[in-house]
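These notes concern the structure reproduced below.
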Amino acid sequence: MKQVVYRNYGDSDVLKVEEVDKPEIGKKNSVLVKVSNSSLNAIDWKNRKGNFRLVSGLFSPKTKQGFDVVGIIEEKSNDVEHFSIGDRIVALLGNRTGGALSEYIVLKTDNIVKISNEIPPKQVAGIPMAGITAWLALMKLGGLKKNDKVLINGGSSGVGHLAIQIAKAYGAEVTSVSSTKNLDFCKKLGADFTISYQDEDFLELPSTFDIIFDVVFNASYHQTQHLLSQSGIYIGTTPTANMIKELIRYKRAKFVAVHPNKEALQDLMDLMHEKKLKVAIDKEFLLSDIVNAHDYIEESRTVGKVIINVEDVLNPPVLSRIPE
Ligand SMILES: NC(=O)c1ccc[n+]([C@@H]2O[C@H](COP(=O)([O-])OP(=O)(O)OC[C@H]3O[C@@H](n4cnc5c(N)ncnc54)[C@H](OP(=O)(O)O)[C@@H]3O)[C@@H](O)[C@H]2O)c1
């Protein structure tokens, strides 16, 4: 089977699509999934460059590429009761493993969720890492409630565009910060107020917020605390030295650390089913075109998500980028 492999850290040309052995199903609690789609996340190019070596491997990469899996169960171990051969599933892989950019993968059933035939697999593929990050930040760390005022810094990003929709689905009032060209995109996703970072500094807004989700992470708790309501929470996405200092010092500074979470993934699938959540697909690439896909996502100008089509047969035509 084909798999994206890399043996050294570096530019995108370290990525190769190679023929490797198809994995064998485990004896217990295990399914073999034929992967149809995945998506790229910022961590994929950051891992490839060796930015997170404590997790991905100190001297050479130990983790594999890709964390978002959508596919069909082809085999299962005898003890698996709640999943059947032929089920469509979605899963997020752990940061220490990866391996979604592959024709087949063996998964434990603990964190996989069935997907209905009504939602196109390409759409679902954009959800696991970006959606779970947004969900954990807003719902778990932020404790989002109806009528909360939420600011999302980076509303057009993979994580941010899902965060806008999740916050709206749970009844919040959303202000999003993006470039001027993406104001309309964020508005169509449901943002009540849209601010261009090219025209306005959100740090000077005369408002207060219950949650500031700093997706693009160019501020800090210290810089935003005057914008927080009395019990307001600031949530960052990158474990910098300053973020760690703030986590120790301030109770209302939080850091979101994404990890496989079935409750979040199931809720995100339910929101998709209720048509409250859609993935905006910026661009699609075939697995064989992984080098170009990495070059594209590394520019960090993606609007919504970049989808990787591992196997194209299952998918309906390309969806429009901006959700209706
Ligand atoms: N801690 C965790 O568990 C976790 C999980 C997932 C992601 N992350 C991190 O979260 C960050 C976002 O990830 P992502 O996948 O959503 O990134 P992404 O999709 O690659 O972000 C690109 C988007 O950011 C926008 N952007 C760039 N500069 C901006 C600015 N100054 N203000 C507002 N928007 C700006 C770009 O729009 P314009 O070009 O129009 O500006 C583009 O739409 C990354 O640093 C990633 O590593 C952390």
Side-chain angles (χ1 to χ4, degrees), residues 29-31 33 35 37-44 46-47 52 55-56 63-71 73 80 82-83 87-100 105-116 119 121 123-145 148 150 152 154 157-170 172 211 213-215 217 233 235-239 243 247 254-274 276-279 305:
N29 187 29
S30 163
V31 289
V33 175
V35 183
N37 309 84
S38 183
S39 88
L40 290 187
N41 292 282
I43 193 173
D44 292 306
K46 290 180 183 180
N47 272 351
F52 297 129
V55 178
S56 64
T63 56
K64 293 181 180 151
Q65 276 280 319
F67 295 92
D68 297 336
V69 174
V70 170
I73 296 181
V80 172
H82 299 294
F83 294 93
D87 280 350
R88 282 185 175 186
I89 60 94
V90 57
L92 171 65
L93 305 183
N95 288 342
R96 290 183 183 276
T97 50
I105 190 159
V106 169
L107 300 175
K108 295 280 175 204
T109 58
D110 307 340
N111 288 307
I112 67 179
V113 166
K114 279 188 214 174
I115 54 178
S116 92
I119 315 171
Q123 278 273 318
V124 181
I127 291 286
M129 182 171 279
I132 294 176
T133 304
W135 193 96
L136 290 174
L138 297 171
M139 308 308 293
K140 286 286 181 221
L141 297 175
L144 187 139
K145 303 179 300 303
D148 272 357
V150 175
I152 294 162
S157 66
V159 174
H161 92 291
L162 299 175
I164 292 176
Q165 298 174 73
I166 294 165
K168 286 307 298 174
Y170 281 95
I211 300 172
F213 185 22
D214 190 3
V215 179
F217 196 64
I233 302 282
I235 304 159
T237 54
T238 310
M243 178 85 248
L247 287 176
K254 308 271 183 198
F255 166 68
V256 61
V258 72
H259 52 271
N261 183 301
K262 195 164 184 168
E263 181 193 0
L265 195 52
Q266 185 61 64
D267 195 45
L268 292 163
M269 289 305 110
D270 293 346
L271 290 175
M272 287 193 104
H273 212 249
E274 292 161 24
K276 291 178 178 166
L277 184 66
K278 251 188 159 184
V279 170
K305 291 290 300 176

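Residues: numbered from 1 along the sequence shown.
Contact annotation: the side chain of Leu277 approaches that of Ile127 to within less than 4.5 Å [non-hydrogen atoms, C-beta and beyond]. Annotation: side chain of Leu162 is in contact with side chain of Val279 (closest heavy-atom distance under 4.5 Å). Side-chain contact between Val256 and Phe213: present, with at least one pair of heavy atoms (C-beta onward) separated by less than 4.5 Å. Tyr170 places a side-chain heavy atom less than 4.5 Å from the side chain of Leu271. Side chains of His259 and Leu136 form a contact here, defined as non-hydrogen atoms less than 4.5 Å apart. Looking at heavy atoms from C-beta onward, Ile43 lies in side-chain contact with Asn95 at the 4.5 angstrom threshold. At a threshold of 4.5 Å between non-hydrogen side-chain atoms, the residues Ile73 and Val80 do not count as touching. In this structure the side chain of Leu92 never reaches within 4.5 angstrom of the side chain of Asn111, judged on heavy atoms.
Minimum interatomic distance between Leu107 and Ala91 (heavy atoms only, all atoms of both residues): CD1-CB, 4.0 Å. A pairwise comparison of heavy atoms in Gly99 and Ile105 identifies O-CD1, 3.5 Å as the closest pair. The shortest heavy-atom contact between Arg88 and Pro121 is NH1-CD, 3.7 Å. Nearest heavy atom pair, residue Gly126 against residue Ala130, reads O-CB, 4.0 Å. Counting all heavy atoms, side chain and backbone alike, Pro128 lies closest to Val69 at CG-N, 4.5 Å. Of all heavy-atom pairs between Met243 and Gly236, the closest is SD-CA, 3.9 Å.
Here the side chain of Thr63 pairs no donor or acceptor atom with the backbone of Arg96 at under 3.5 angstrom. In this structure a side-chain-to-backbone donor-acceptor pair under 3.5 Å is present from Lys114 to His82.
In this structure, NZ on Lys278 lies 9.0 Å from CE on Met272, to the nearest 0.5 angstrom. Between atom CG of residue Leu93 and atom CG of residue Asp68 there is a gap of 8.0 Å, rounded to the nearest 0.5 Å. Atom-to-atom distance recorded for Met129:CE and Leu40:CG is 11.0 Å, nearest 0.5 angstrom. Separation of atoms NZ (Lys262) and CG (Asp267) is listed at 14.0 Å; rounding is to 0.5 Å. Separation of atoms CG (Leu138) and CD1 (Ile233) is listed at 12.0 Å; rounding is to 0.5 Å. Note that CZ of Phe67 and CD1 of Ile132 are 13.0 Å apart. Values are rounded to the nearest 0.5 Å.
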For this session: Walk me through it: do Ile112 and Leu265 pass the test side-chain contact (heavy atoms from CB on, under 4.5 Å)?
Result: CA-CA 8 Å; Ile112 67 179; Leu265 195 52; over 6 Å; no
For this session: Could you check Val124 against Asn37 for side-chain contact (heavy atoms from CB on, under 4.5 Å), going step by step and ending with a plain yes or no?
Result: CA-CA 9 Å; Val124 181; Asn37 309 84; over 6 Å; no
Problem set entry | Working for side-chain contact (heavy atoms from CB on, under 4.5 Å), residues Asp44 and Gln65 | CA-CA 6 Å; Asp44 292 306; Gln65 276 280 319; 3.6 Å; yes
Exercise. What do the steps show when you test Glu263 against Met139 for side-chain contact (heavy atoms from CB on, under 4.5 Å), and what is the final call?
Worked result: CA-CA 11 Å; Glu263 181 193 0; Met139 308 308 293; over 6 Å; no
